[in-house]
Amino acid sequence: MAIVFKSHIDLGGLQLQKAVIHPLSSDPQNASEGQIYWNTGDDKLYVYNGSIWLDVTGDIRSITAGTGIGVTNGSGGDATVSLSHLGLESLTSISSESADEIFMYDTSLGGAAYLSVNTASGITIDSANNDLKLSSIPNSSLTNSTFQVVGGNGLTGGGSATSLGSSSTLAVGAGTGISVGSDAVAIKGASSLSDDTIVMWDDTNGQFVDTVITQNASTNVVTIDDDLIVSGDLTVQGSLTSLETTNTAITDNVIVLNSGETGAGITSVTSGIEIDRGSAGNKTFVYHETNGQWELSGQLKISDIPSVSSGVGAFLIQNDTALDAGEVKKMPLADARDALGVSNMTVTLEPSTGTQASGAVWVTKSSNTYTVEHQMGTKFVMCEVYDTTDFTTAMVEIKRSSDNAVQVIFASSVTDGDYYLSLQATRFQSHGDDGNIQGGGGGQIGG
């Protein structure tokens with residue numbers, strides 16, 4: 001049976017024996033300030049401060065201030081513990097301390113101790129800033145007091161132990177073409193080498209020397225200032241080959257121009273030789289792909305023409321046909337013209353197109369007049385004009401304007417390409433004193 005008191009109980013100094021604090025498994029509800037209870041769950045004593053339940057269970061009964069430690073509010077309330085200089089000034093029990101020592105806890109001694117700095121080991125303490133630093137390490141303090149250096153490839157010396165604090169010297173082995181000075185290794189003969197010059201090896205003196213081959217640093221042009229013999233093939237891949245020589249001797253008896261042409265299509269219109277004549281016009285000897293002819297831009301002079309008959313010159317023509325291969329023929333100049341196909345021709349009366357080539361047949365037109373340049377070298381030319389459709393002869397005016405041209409004059413306007421002009425050079429014959437027909441002089445074709 002529980003007894004409930006309606007007022008405070010004053011025991012008058014008598015002991016409350018065998019009293020039990022109210023045991024509960026959790027905090028009581030609607031507690032009053034100062035109320036206590038025993039928590040059966042964690043076996044702790046709690047007191048209510050008006051806001052929360054405080055755990056007042058513990059083994060510490062009091063806190064006493066020691067050396068270097070300060071305690072405030074330690075009796076019955078919250079205690080504040082503070083450290084004061086760790087008590088270093090009060091460690092009078094250690095009597096071996098001296099200047100520039102380090103305070104530490106020695107586990108083996110179970111207490112405080114001092115670490116003395118041995119300056120002989122190279123460790124010092126700066127008294128001004130209390131800096132602990134490595135000053136120098138005596139060789140005697142090191143485990144290994146010597147070192148060994150061995151010279152590798154190109155080096156000599158070393159190979160033995162050298163004490164710390166001393167030195168060991170390695171030397172560079174001067175090989176072929178290398179010179180060794182007091183403070184440098186250089187190529188032998190380097191002081192005599194020239195800038196932008198290709199060098200070669202001088203086996204007699206064991207060094208490099210200049211050659212006659214130089215390269216301009218600005219233009220990259222390579223110059224060989226001496227004779228050059230190329231025993232193998234020489235391939236020049238630039239766009240221009242310039243030979244500035246006085247005499248050029250070529251062993252090859254056949255020179256190939258337009259090399260590299262492939263297939264049936266001819267990409268080059270003309271191929272041949274052009275002579276630079278300075279301020280005068282250049283002269284050419286070229287082969288025209290368009291008309292299949294060799295052409296000269298100047299006159300051709302033959303210094304030795306064998307005589308066939310009195311007063312008549314002749315060409316020597318080598319015939320390489322299958323019927324008479326190798327036969328050498330002599331014929332008068334006019335007959336040679338016929339054989340070469342230049343004294344008979346038919347052209348269409350229409351203006352030529354493109355650029356006129358030297359010696360080529362050329363047609364121009366002005367109003368109703370066609371001018372045909374035939375290059376036959378004579379006015380003794382038979383001319384006939386006929387229609388290109390039905391080949392009927394057209395009656396027109398023919399004017400032989402020069403040894404190399406005729407004019408075809410129509411009475412009215414005609415269409416280009418409607419007419420052909422056939423030309424044939426003829427030989428002029430005159431009667432001699434004996435009545436025989438003889439070849440003419442300057443008026444003949446060969447004249």
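We're numbering straight along the sequence, starting at 1.
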Which residues pass the side chain to side chain contact (heavy atoms under 4.5 Å, CB included) test with [X], not counting sequence neighbours?
X	result
Ser166	Thr162, Ser163
Lys283	Arg277, Ser297
Asp225	Val212
Ser218	Asn216

Exercise: do [X] and [Y] side chains pair donor with acceptor under 3.5 Å:
X	Y	answer
Asp196	Gln215	no
Glu384	Thr393	yes
Thr392	Asp387	no
Ser402	Asn404	no

CA sep, side-chain torsions, deciding dist, call: Asn205, Trp201, side-chain contact (heavy atoms from CB on, under 4.5 Å): CA-CA 9 Å; Asn205 298 305; Trp201 177 252; over 6 Å; no
Which residues share a ring pair (Phe, Tyr, Trp, His ring centres under 6.0 Å) with Tyr386, sequence neighbours left out: Phe391, Tyr420
Out of the candidates Lys379, His374, Met376, Lys399, only one should pair with Val406 under the side-chain contact (heavy atoms from CB on, under 4.5 Å) rule; please name it.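 Only one of Lys379, His374, Met376, Lys399 forms a side-chain contact (heavy atoms from CB on, under 4.5 Å) with Val406, namely His374.
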Which is it for Ile213 and Thr197 under the side-chain contact (heavy atoms from CB on, under 4.5 Å) test, yes or no, and what are the steps along the way? CA-CA 6 Å; Ile213 305 175; Thr197 302; over 6 Å; no
List the steps, then state whether side-chain contact (heavy atoms from CB on, under 4.5 Å) holds for Met345 with Val361. CA-CA 10 Å; Met345 65 178 67; Val361 178; 3.7 Å; yes
Look only at the side chain of Asn49 and the backbone of Ser51, and say whether a donor-acceptor pair between them is shorter than 3.5 Å. yes
Closest heavy-atom contact between Lys365 and Pro351? CB-CG, 3.9 Å
Which atom of Thr353 lies closest to which atom of Trp362, heavy atoms considered: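 Heavy-atom minimum between the residues: O-CH2, 3.3 Å.
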Close side-chain approach of [X] to [Y], heavy-atom, < 4.5 Å:
X	Y	result
Thr371	Val363	no
Ile409	Asn368	no
Ser25	Asn39	no
Leu349	Val385	yes
Thr389	Asp418	no

Trace of the side-chain contact (heavy atoms from CB on, under 4.5 Å) decision for Val199 with Leu193: CA-CA 8 Å; Val199 299; Leu193 299 179; 3.8 Å; yes
Distance, nearest 0.5 Å, that separates [atom1] of [X] from [atom2] of [Y]:
X	Y	atom1	atom2	value
Trp53	Lys44	CH2	NZ	15.5 Å
Ser271	Asn258	OG	CG	4.0 Å
Gln407	Cys383	CD	SG	11.5 Å
Asn282	Glu274	CG	CD	4.5 Å
Arg400	Phe380	CZ	CZ	10.0 Å
Ile273	Leu296	CD1	CG	10.5 Å

Without placing hydrogens or testing angles, list every side-chain donor-acceptor pair under 3.5 Å for residues 245-257, not counting sequence neighbours.
unit_1 : atom_1 : unit_2 : atom_2 : d
Thr245 : OG1    : Thr248 : OG1    : 2.7
Asp252 : OD1    : Val254 : N      : 3.2

CA sep, side-chain torsions, deciding dist, call: Tyr419, Tyr370, ring-ring contact (aromatic ring centres under 6.0 Å, His included): CA-CA 11 Å; Tyr419 293 92; Tyr370 291 93; 8.5 Å; no
